[in-house]
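Single-structure report; data block below.
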Amino acid sequence: MVGGKKKAAASVEPLKTKESSEPPQYCSWLMKSEPESRFEKEIDLKVQSLISTACFPKHFGIEELKALPDQTGCWDGVRNYQARNFMRQMKDGQLAFFYHSNCKEPGIAGIMKIVKEAYVDHTQFDKKDIHFDANSKADNPKWSMVDVQYQRMVKRYIPLSELKKYHLQHRAKGGPLKDMGLFTRARLSVQPLTTEEFEFILTLEDKEPL
DNA sequence: GCCAACGTTGGC
DNA sequence: GCCAACGTTGGC
């Protein structure tokens, strides 16, 4: 099934650029978001209601993306240079896994599509926003975001624990997840996936949980 | 809730 | 430019 369509496979292949100095081009991604907010878990609801809700990070799981008009939203609030730089490499039409982090069972919940390439993240200029950045100047914004559109849920939720088992297997004996960023660069919230990683994870949808 | 890993900041 | 202190991420 995966790789069966030549055309699709070709469009997902990482493009080796002619100029060897250029960074490698990635075609698929993994983006993390917290479906539950740590603040809202820990701060008393009454106290919270007295404070501007904009001061708190929002819950943003895949259900929230799905509920937006056109099932499309901006991926704002990324405040890490590596993650930002990866977002700036994203191209219209590329696919990304929606990963649920910092929750009961972290893992891959669904698939979304990049529908607008990197542009200025407005939240950096909003004093009331949790992601406000006083060091960012309007004539030289530091932070970018992309727009993503919900595509579908995965056929079954793919928990981190399962990906980790494969990662460990593959690290020992070889396999597509041996260097997966989820484990080698655990704190990076926007990560590129190789074609092999992306396609292998898709095959897990049709397999029994490990 | 705890804490390890790691990115950022700032003193020197 | 080093590096200690600090803050954040995110699994457990």
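Everything quoted here is computed from the prediction, not taken from an experiment. So you know, we letter chains A, B, ... as the sequences are listed, proteins then strands, and number each from 1.
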Q: Please state how far atom CD1 in A/I108 lies from atom P in C/dG11, giving the value in whole angstrom units.
A: 12 Å
Q.
Rounded to whole Å, how long is the line connecting atom CD of A/Q82 with atom P of B/dG7?
A. 6 Å
Q. Which whole-number value in Å describes the distance from A/R185 CZ to C/dG11 C1'?
A. 19 Å
Q) Between A/S28 and A/T194, what is the shortest heavy-atom contact and its length? A) OG-O, 4.2 Å
Q.
What is the separation between atom CD on A/E105 and atom C1' on C/dG11, rounded to the nearest whole Å?
A. 12 Å
Q: Establish, with yes or no, whether the OP1 or OP2 oxygen of B/dT8 is under 4.0 angstrom from a side-chain nitrogen or oxygen of A/K142.
A: no
(Q) Using the ring centroid of each side chain, check whether A/F98 and A/W75 are separated by less than 6.0 Å. (A) yes
**Q.** Nearest-nucleotide pick for A/N80, side chain only, options being C/dC12, C/dG10, B/dG7
**A.** B/dG7
(Q) Nearest whole Å is fine: how far is B/dC2 P from A/N102 CG? (A) 15 Å
Q: Take the protein atom CZ of A/F183 and the nucleotide atom P of B/dA5, then report the distance between them rounded to whole Å.
A: 16 Å
(Q) It should be established whether A/Y99 places a side-chain nitrogen or oxygen under 4.0 Å from OP1 or OP2 of nucleotide C/dG11. (A) yes
Q: For A/K164, report the nucleic acid contact type (base, sugar-phosphate, nothing); a contact means any heavy atom under 4.0 Å.
A: sugar-phosphate
Q | Euclidean distance, atom CG of residue A/L182 to atom P of C/dC12 [Å, nearest integer] | A | 11 Å
Q: Would you check if there is a donor-acceptor pair between the side chains of A/R84 and A/S144 at a distance under 3.5 Å?
A: no
Q: Whole angstrom is fine here: how far is it from CG in A/L188 over to P in C/dG11?
A: 13 Å
Q: Check whether any side-chain nitrogen or oxygen of A/K32 sits under 4.0 Å from OP1 or OP2 of C/dT9, and answer yes or no.
A: no
(Q) Closer than 4.0 angstrom, basic N to acidic O: yes or no for A/E162 and A/K207? (A) no
